[in-house]
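Just so it is clear, the values below take in all heavy atoms, side chains as well, and ignore hydrogens, waters and symmetry mates.
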Amino acid sequence: MPGKNGGSGPRAVALVGPYGSGKTTLLESILAITGAVQRKGAVAQKNTVGDSSAEARARQMSVEVNCATTKYLDESFTFLDCPGSIEFLQDTLNILPGVDAAVVVCEPEPAKVQMLQPYLKRLGDLGIPHFLFINKIDKASGNIGDLLAALQEASDKPLLMRQIPMVENGAVKGFVDLALERAFVYREHAESKVVDLTDAIKDEEKQARFSMLEKLADYDEHLMEELLSDVEPPRDEVFADLSKELADGLVVPALMGSAEKDNGIRRLLKALRHEVPEVGAAAARLGLKPNGEAIVQVLKTYNGAHGKLSLARVMAGTLKDGAVLIRRDGSDARIGGMFALKGEAQTKLAEAKAGDTVALGRLEGVATGETLSSAKNALPKVEIEILPVVYGFAIECTDRKDEVKLTAAIHKLQEEDTSLHFEQDAALQQMALAGQGEIHLKVAVEKLLSKYGLKIATHQPKVPYKETIKKPARQHGRHKRQSGGHGQFGDVHIEIRPLPRGSGFVFEDQIKGGVVPRNFIPSVEKGIVEYLKHGPLGFPVVDLAVALVDGSFHAVDSSDAAFQTAARIAMTEGMPNCAPVLLEPIMRVQIHVPNDATSKANQVVSGRRGQIMGFDSRPGWKGWDSVAAQMPLSELHNLIIDLRSLTQGVGTFEMEFDHLAELNGKLAEQVVATHKAAA
């Protein structure tokens with residue numbers, strides 16, 4: 001029976017959890033059970049509704065959110081199957097604000113519990129109701145109580161065991177539903193069979209049910225009084241409490257099953273149907289206060305062969321195809337087609353009501369995360385966590401004529417994937433992609449080929465080394481040429497001296513008596529600045545002062561170009577005498593890892609020429625540490641690969657530029673030699 005907070009309107013449910021936990025298989029099971037597909041697909045057979053892209057099928061893993069709408073007992077549900085790889089977490093973060101609830105899918109292995117924390121933590125912080133679905137229960141080994149205790153370590157919210165397994169000969173053959181007080185025996189690819197509770201499990205069921213009710217009673221005084229008075233609470237009251245405390249984000253109900261065998265999926269669907277609140281709760285969470293108008297939240301952007309589609313949740317009102325929506329900046333966007341999605345399949349719609357999740361065509365300029373309305377009003381901005389860049393590589397078209405198309409193609413990829421960063425660096429003469437990891441960027445490169453026909457070569461990005469000087473020097477530079485008619489004449493004396501780190505470049509005019517006319521002095525500075533782009537070691541020069549102290553000119557032959565050339569000659573001849581030294585960028589790095597990996601993370605930092613500045617508990621993350629360090633940028637290229645290998649994929653870091661530091665010895669020689677060879 002539905003609890004008082006359970007909804008009956010269209011609901012949106014995110015399927016989240018680590019790679020390999022079975023989310024895409026769960027979606028396939030749900031679609032088969034609800035009759036949305038005639039034949040259930042399998043990831044290994046590459047015929048699932050989700051993961052339909054070539055990149056996903058090649059890797060047998062989700063690389064973006066997949067959407068499918070279906071009906072269960074005449075109620076509409078849209079399931080958003082989110083990628084499990086941490087490298088595609090941004091897609092999950094983008095859709096979470098618009099959903100009513102999430103199902104966190106996990107395996108029954110305590111050793112993998114650490115992988116759940118990035119999901120459970122964010123769902124708790126966002127106040128999104130969420131269930132835990134322990135998948136592959138048929139392959140479980142060990143005590144389910146021990147598993148739940150391990151799972152609780154990953155969750156800030158109390159886990160509420162809704163079911164206990166029935167075990168026979170070491171294998172889980174069914175479960176007892178503690179709310180219904182009924183036992184069910186699994187039947188492969190069929191509805192579970194209701195059986196009587198055996199004497200062997202009655203005591204365990206009674207104890208587990210009381211433990212469940214005790215946790216519910218922590219937030220319900222009336223239920224607590226009933227338990228203290230040994231009064232058996234009515235079943236309707238138990239369901240109402242389950243629904244309310246889920247909606248309020250107070251507990252995380254845990255269910256179990258096997259998506260591969262379709263076991264436990266119907267019980268999960270019934271829990272979603274009875275206990276997940278309607279869209280109004282999600283709208284209130286976003287601070288939306290509708291007044292009859294249609295409001296939509298854009299969850300995801302797709303660019304396909306037929307143009308742009310914006311996956312959007314109707315948070316309020318009724319939306320019609322062709323309607324004009326108003327963005328927060330006041331500009332308009334007209335809907336050019338409305339569709340219900342089931343993977344790649346699209347069903348055209350004339351209208352959508354509050355709670356529906358639909359794809360809207362041709363909302364040009366509208367980005368993922370935007371909130372739009374059919375009326376002009378002050379909509380609050382939905383805050384979405386933006387993950388920091390942790391990996392990058394340089395890219396170039398294998399065919400130079402494709403470079404014109406590259407920027408436009410990458411812009412379309414960025415519309416689809418907000419964690420993809422693109423940078424063109426004129427100083428380094430380099431284009432670079434950056435994002436969440438090696439697979440993330442490889443998928444982006446593959447899409448450039450499959451969608452836009454662009455073949456891309458990749459390599460490790462260049463480090464923006466600089467150079468400076470350690471000694472002062474004085475130098476004379478003269479440029480004199482006579483070739484008939486007007487000649488060229490420029491003559492300068494300069495003094496070069498080092499400045500403190502971070503000072504940049506300073507030009508000083510110390511000319512007296514007009515030995516260099518005022519109109520030529522800017523040309524001297526221009527010649528010096530031009531030289532500083534490539535110093536004696538081949539890199540941009542910083543932190544020095546150059547003073548123009550003397551010179552001479554010719555009334556006819558002197559010119560701007562002549563004085564620029566004279567200045568460059570003086571710098572070219574004088575700089576090698578100033579003890580040039582290489583500078584490398586040092587980054588301020590904050591590494592976040594579970595505390596059982598902290599000592600290993602420290603070793604990684606030390607092994608990459610880093611200096612540990614200290615570590616502390618990561619604020620708000622139970623059982624995690626943050627390590628502060630300073631590390632050379634050249635050592636950070638694949639740091640994320642090491643961190644993830646230490647932490648089952650969950651470790652991460654942030655970085656920002658701190659200072660430039662001298663690099664000497666063999667490392668400096670190698671850098672200079674490599675640079676000169678490339679030049």
Side-chain angles (χ1 to χ4, degrees), residues 425-429 464-585 659-664 668 671-672 675-676 678-679:
D425 191 317
L428 291 174
Q429 296 183 316
Y465 291 104
K466 302 286 192 292
E467 59 180 278
T468 191
I469 57 172
K470 300 179 77 172
K471 288 168 54 179
R474 183 181 175 108
Q475 186 65 43
H476 175 214
R478 171 178 284 202
H479 176 59
K480 182 179 180 181
R481 181 175 296 169
Q482 194 71 39
S483 56
H486 285 309
Q488 295 181 39
F489 183 85
D491 182 68
V492 297
H493 293 262
I494 59 172
E495 289 181 352
I496 310 168
R497 71 177 191 279
L499 291 178
R501 195 76 66 244
S503 301
F505 166 65
V506 175
F507 175 72
E508 298 170 352
D509 171 14
Q510 297 182 11
I511 291 298
K512 295 176 183 177
V515 291
V516 176
R518 306 300 307 169
N519 57 307
F520 292 139
I521 290 175
S523 300
V524 175
E525 182 178 4
K526 187 174 180 181
I528 293 168
V529 169
E530 186 66 27
Y531 169 85
L532 293 178
K533 292 178 182 178
H534 303 284
L537 302 180
F539 297 93
V541 188
V542 296
D543 302 338
L544 79 166
V546 180
L548 176 60
V549 295
D550 201 357
S552 62
F553 74 103
H554 188 279
V556 176
D557 292 343
S558 287
S559 65
D560 289 327
F563 272 99
Q564 283 184 43
T565 303
R568 284 199 299 271
I569 291 170
M571 292 295 292
T572 302
E573 295 177 357
M575 282 289 289
N577 302 321
C578 295
V581 63
L582 192 65
L583 296 176
E584 66 173 341
H659 66 280
L660 291 170
E662 287 186 24
L663 180 63
N664 297 295
V671 169
V672 172
H675 183 75
K676 287 184 175 178

S.K.: Write down the atom of Gln510, the atom of Ala547, and the distance for their closest heavy-atom approach.
M.R.: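 Minimum heavy-atom contact is NE2-CB, 3.6 Å.
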S.K.: Could you measure the distance from the NE2 atom of His554 to the CG atom of Asp491? Nearest 0.5 Å is fine.
M.R.: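 Here the interatomic distance stands at 12.5 Å.
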S.K.: If I take atom CD1 from residue Ile494 and atom CG from residue Asp550, how far apart are they, to the nearest 0.5 angstrom?
M.R.: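 These two atoms lie 12.5 Å from each other.
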S.K.: In chain order, what residues pass the salt bridge (charged side-chain N to carboxylate O under 4.0 Å, His left out) check against Lys470, with sequence neighbours excluded?
M.R.: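 Glu662.
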S.K.: Starting at CD1 of Ile469, measure out to CZ of Arg497 and round the result to the nearest 0.5 Å.
M.R.: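 One gets 9.5 Å once the value is rounded to the nearest 0.5 Å.
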S.K.: Under a 4.5 Å cut-off applied to non-hydrogen side-chain atoms, are Val546 and Leu532 in contact?
M.R.: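 Of all side-chain heavy-atom pairs linking Leu532 with Val546, none is under 4.5 Å.
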S.K.: If I compare all heavy atoms of Lys676 with all of Leu537, which pair ends up nearest, and what's the gap?
M.R.: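 In this case the closest contact between Lys676 and Leu537 is CE-O, 4.1 Å.
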S.K.: State, with a plain yes or no, whether a side-chain heavy atom of Phe505 is found less than 4.5 Å away from one of Val541.
M.R.: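 Phe505 vs Val541: side chains apart.
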S.K.: Can you tell if the side chain of Leu663 reaches within under 4.5 Å of the side chain of Tyr465, non-hydrogen atoms only?
M.R.: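 Leu663 reaches Tyr465 side chain to side chain.
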S.K.: Going from CG on Leu548 to CD1 on Ile528, what distance comes out if it is rounded to the nearest 0.5 angstrom?
M.R.: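 Here the interatomic distance stands at 7.0 Å.
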S.K.: Taking atom OG1 of Thr565 and atom CG of Asp560, what is their separation to the nearest 0.5 Å?
M.R.: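 One gets 10.5 Å once the value is rounded to the nearest 0.5 Å.
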S.K.: With His476, which residues qualify under ring-ring contact (aromatic ring centres under 6.0 Å, His included), at least two apart?
M.R.: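 ring-ring contact (aromatic ring centres under 6.0 Å, His included) list for His476, sorted by chain: His493.
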S.K.: Heavy-atom distance under 4.5 Å between the side chains of Phe507 and Val524, does that happen here?
M.R.: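 In contact.
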S.K.: Write out all pairs satisfying salt bridge (charged side-chain N to carboxylate O under 4.0 Å, His left out) with one or both partners inside residues 563-584, taking only residues at least two apart or from two chains.
M.R.: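 Listed once each, the pairs are Glu584-Arg609.
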S.K.: Does the side chain of Glu467 come within less than 4.5 Å of Pro536's, by heavy atoms?
M.R.: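 When only atoms from C-beta onward are counted, Glu467 and Pro536 do touch, with a gap below 4.5 Å.
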S.K.: Side-chain contact test, heavy atoms from C-beta onward, threshold under 4.5 Å: evaluate it for Lys471 versus Asn577 and give yes or no.
M.R.: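 When only atoms from C-beta onward are counted, Asn577 and Lys471 do not touch, as no gap falls below 4.5 Å.
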S.K.: For the residue pair Pro585 and Leu660, establish whether any side-chain heavy-atom pair is separated by less than 4.5 Å.
M.R.: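 Yes. Closest side-chain heavy atoms under 4.5 Å.
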S.K.: According to salt bridge (charged side-chain N to carboxylate O under 4.0 Å, His left out), does anything in residues 532-547 pair up with another residue at least two apart or in another chain? List the pairs.
M.R.: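 Sorted pair list: Arg501-Asp543, Glu530-Lys533.
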S.K.: Considering non-hydrogen atoms only, spot the tightest contact between Gly574 and Ile496 and give its length.
M.R.: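 Taking Gly574 first and Ile496 second, the nearest heavy atoms are C-CD1, 4.2 Å.
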S.K.: Do Glu525 and Asp509 come within less than 4.5 Å of each other through their side chains, counting heavy atoms only?
M.R.: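 Side-chain contact under 4.5 Å: no.
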S.K.: Could you give all pairs that pass the ring pair (Phe, Tyr, Trp, His ring centres under 6.0 Å) test and reach residues 513-536, with sequence neighbours left out?
M.R.: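 Found Phe520-Phe563.
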S.K.: Would you check if the side chain of Ser558 reaches a backbone N or O of Gly490 as a donor-acceptor pair within less than 3.5 Å?
M.R.: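 Side chain of Ser558 to backbone of Gly490, a donor-acceptor pair under 3.5 Å: no, none is there.
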S.K.: For the pair Asp557 and Lys480, evaluate side chain to side chain contact (heavy atoms under 4.5 Å, CB included) and give the outcome as yes or no after the intermediate values.
M.R.: CA-CA 9 Å; Asp557 292 343; Lys480 182 179 180 181; over 6 Å; no
S.K.: Which pair of non-hydrogen atoms, one from Pro472 and one from Pro498, has the smallest distance, and what is that distance?
M.R.: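 Minimum heavy-atom separation between Pro472 and Pro498: N-CD, 3.9 Å.
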S.K.: Taking only residues two or more places apart in sequence, or in another chain, which ones meet His675 in a ring-ring contact (aromatic ring centres under 6.0 Å, His included)?
M.R.: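 Once residues adjacent in sequence are excluded, the partners of His675 under the ring-ring contact (aromatic ring centres under 6.0 Å, His included) criterion are Phe539.
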S.K.: Does the pair Met575 and Leu544 meet the rule for a side chain to side chain contact (heavy atoms under 4.5 Å, CB included), with working shown?
M.R.: CA-CA 11 Å; Met575 282 289 289; Leu544 79 166; 4.0 Å; yes
